[in-house]
Amino acid sequence: MSQQQISLPAKLINGGIAGIVGVTCVFPIDLAKTRLQNQRQGQQVYKSMMDCLVKTVRSEGYFGMYRGAAVNLTLVTPEKAIKLAANDFFRHHLAKDGKGLTVFKEMLSGCGAGLCQVVITTPMEMLKIQLQDAGRLAAQQRKPGMMSPTKLAATNAVLSRSYNVAPVAPGPRAVSATQIARELLHTHGIQGLYKGLGATVMRDVPFSIIYFPLFANLNRLGKPSPEASSPFYWAFLSGCVAGSTAAVAVNPCDVVKTRLQSLNKGASEETYSGVVDCVSKIMRNEGPSAFLKGACCRALVIAPLFGIAQVMYFVGVGEYILENSPLSLLS
């Protein structure tokens, strides 16, 4: 890739299609990850990923597992497209004289890709988390001994009226990402959508630094010759292994990001003023093991997501579309 001219529109199409297909397949697991990461000791609603999915289906129906999927499907196209295309762009310009990239340059390319994607990732995650976590808050309110919805509403200045409309409400009222975005823009301005930006950078930059070099080297092992491409199944497996490894490695940062971006809190759940405050309170109140919450779910989400992404990317769906449609003028 670094030795030939890259087609940015094709890479954007590949990344977008890969993101849509991947998110559709693994979104329920991502929802379980968010809810497990937001649980505090002594207030657990869900025991495991499967327990979370089963209880979600029972209380919210099948489509409850896809709460927040609309905003993710809308924004994952530019997010994945920027991430994958930016990595190719930096690899292309860091390569010299047709030589392969060193591991350091591969890591540098990944770092650049991670920095580029947070422009889309941060507001996408911000909106998605509010929608995903609403069911957990409703389930917690229904547990005996928990704070009533009326008292809970008083502790949440932002968006609480969207989730708690009356003391007798059995669960959260349906709320859309558009409503949440409008409320955030009205109360906090554009920075409201970028709450947790620092934690997102702390998660996505190390993830890309680990993922892209690891994938490139694993994928290289499957090539029958230096000039040939690896089989599609090898690209898929390489994406799965590299994605799950990077996901587990940065899971502590993902826990911090999820906690910071959760605007609504349950009974007796603490608030955080920033990354350092969040880390110290989690360590003090829940111990080091809290930083691994949702790690299994995150690995199960990222592995097929990036496996599918790499297959779409290297099969060249975007190139085919551009060559066989009026969109060829863009390339």
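Only a predicted model underlies this, so the values are computations on that prediction, with no experimental measurement involved.
Here CG of Leu108 is found 5.5 Å from CG of Leu94. Values are rounded to the nearest 0.5 Å. To the nearest 0.5 angstrom, Ile308 atom CD1 is 13.0 Å from Ile17 atom CD1. To the nearest 0.5 angstrom, Leu127 atom CG is 7.0 Å from Leu184 atom CG. How far SG of Cys116 is from CZ of Phe90: 4.5 Å, rounded to the nearest 0.5 Å. Atoms CG and OG, from Asp88 and Ser109 in turn, are 9.0 Å apart once rounded to the nearest 0.5 Å. A distance of 11.0 Å separates CG in Asn219 from CG in Leu214, rounded to the nearest 0.5 Å.
No continuous path of hydrophobic side-chain contacts links Val205 to Val276 [ILVMFWY only; heavy atoms under 4.5 Å]. Under the 4.5 Å side-chain heavy-atom criterion for grouping Ile, Leu, Val, Met, Phe, Trp and Tyr, Val201 is connected to Ile190 within one hydrophobic cluster. A continuous path of Ile, Leu, Val, Met, Phe, Trp and Tyr side chains, each step under 4.5 Å between heavy atoms, connects Val57 with Leu300, placing both in one hydrophobic cluster. Both Phe306 and Phe215 are part of a single hydrophobic cluster, where members link through side-chain heavy atoms under 4.5 Å apart. Each of Ile20 and Leu31 belongs to its own hydrophobic cluster when Ile, Leu, Val, Met, Phe, Trp and Tyr are linked at side-chain heavy-atom distances under 4.5 angstrom.
For the pair Gln39 (side chain) and Val45 (backbone), a donor-acceptor distance under 3.5 Å is present. Remark: side-chain polar atoms of Trp234 are not paired, donor with acceptor, to backbone N or O of Arg220 under 3.5 angstrom. Listed for the Asp133 side chain is no donor-acceptor partner under 3.5 Å among the backbone atoms of Ile129. Although no hydrogens or angles enter the test, the distance criterion places no donor-acceptor pair under 3.5 Å between the side chain of Asn72 and the main chain of Met124. Without hydrogens or angle criteria, Gln37 side chain to Lys293 main chain gives a donor-acceptor distance under 3.5 Å. At least one donor-acceptor pair under 3.5 Å links the side chain of Tyr66 to the backbone N or O of Thr24.
The existence of a salt bridge linking Glu125 and Arg203 is confirmed by a sub-4.0 Å separation between a basic side-chain nitrogen and an acidic carboxylate oxygen.
Taking a 6.0 Å sphere around CZ of Arg284, one finds it holds more than 12 heavy atoms contributed by other residues, nucleotides or ligands. Counting non-hydrogen atoms of other residues, nucleotides and ligands closer than 6.0 Å to NZ of Lys223 gives a total above 12.
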Q | salt bridge (charged side-chain N to carboxylate O under 4.0 Å, His left out) evaluation trace for Arg259 with Glu286 | A | CA-CA 13 Å; Arg259 296 284 183 92; Glu286 303 173 60; 3.0 Å; yes
* To do: Go through Thr121 and Asp204 one step at a time and tell me if the side chain to side chain contact (heavy atoms under 4.5 Å, CB included) criterion holds.
  => CA-CA 9 Å; Thr121 304; Asp204 288 349; 3.4 Å; yes
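Of the N and O atoms on the side chains of Gln132 and Asp30, at least one donor lies less than 3.5 Å from an acceptor on the other residue. Residues Thr56 and Arg67 have side chains that never bring a donor and an acceptor to within less than 3.5 angstrom of each other.
Taking the side chain as every heavy atom from C-beta outward, Gln130 and Leu263 approach each other to under 4.5 Å. Put simply, the side chain of Lys128 does not reach to within 4.5 Å of the side chain of Gln261, judged on heavy atoms. Using a 4.5 Å heavy-atom threshold, the side chains of Leu305 and Val23 count as touching. Under the 4.5 Å side-chain criterion, counting only non-hydrogen atoms from C-beta, Phe207 is in contact with Lys83.
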Please tabulate, one pair per line, all N/O donor-acceptor pairs under 3.5 Å involving side-chain atoms of residues 239-248, not counting sequence neighbours.
{"from": "Ser244", "atom 1": "OG", "to": "Cys240", "atom 2": "O", "distance (Å)": "2.9"}
{"from": "Ser244", "atom 1": "OG", "to": "Val241", "atom 2": "O", "distance (Å)": "3.1"}
{"from": "Thr245", "atom 1": "OG1", "to": "Val241", "atom 2": "O", "distance (Å)": "2.7"}

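With sequence neighbours excluded, the residues that form a side chain to side chain contact (heavy atoms under 4.5 Å, CB included) with Thr102 are Phe104, Lys105. Not counting sequence neighbours, Arg182 has no partner by the salt bridge (Lys or Arg N to Asp or Glu O under 4.0 Å) test. In this view, Lys195 satisfies the salt bridge (Lys or Arg N to Asp or Glu O under 4.0 Å) rule with no residue, not counting sequence neighbours.
Side-chain heavy-atom separations under 4.5 angstrom define the hydrophobic clusters, and the remaining members of the one that includes Val255 are Met202, Val256, Leu260, Tyr272, Val275, Val279, Ile282, Met283, Phe291.
Residue pairs meeting the salt bridge (Lys or Arg N to Asp or Glu O under 4.0 Å) criterion with at least one partner in residues 302-313, sequence neighbours excluded, are absent.
Counting all heavy atoms, side chain and backbone alike, Ala295 lies closest to Asn251 at CA-OD1, 3.4 Å. When every heavy atom of Ala69 is checked against every heavy atom of Phe27, the shortest pair comes out as N-CZ, 3.3 Å. Across all non-hydrogen atoms, the minimal contact from Lys33 to Cys297 is CB-CB, 3.6 Å. Closest approach of Ala299 to Pro304, counting heavy atoms only: O-CD, 4.3 Å. Between Ser208 and Ala113, the shortest heavy-atom contact is OG-C, 4.5 Å. Here the closest heavy-atom approach between residue Ser262 and residue Thr258 is recorded as OG-O, 2.8 Å.
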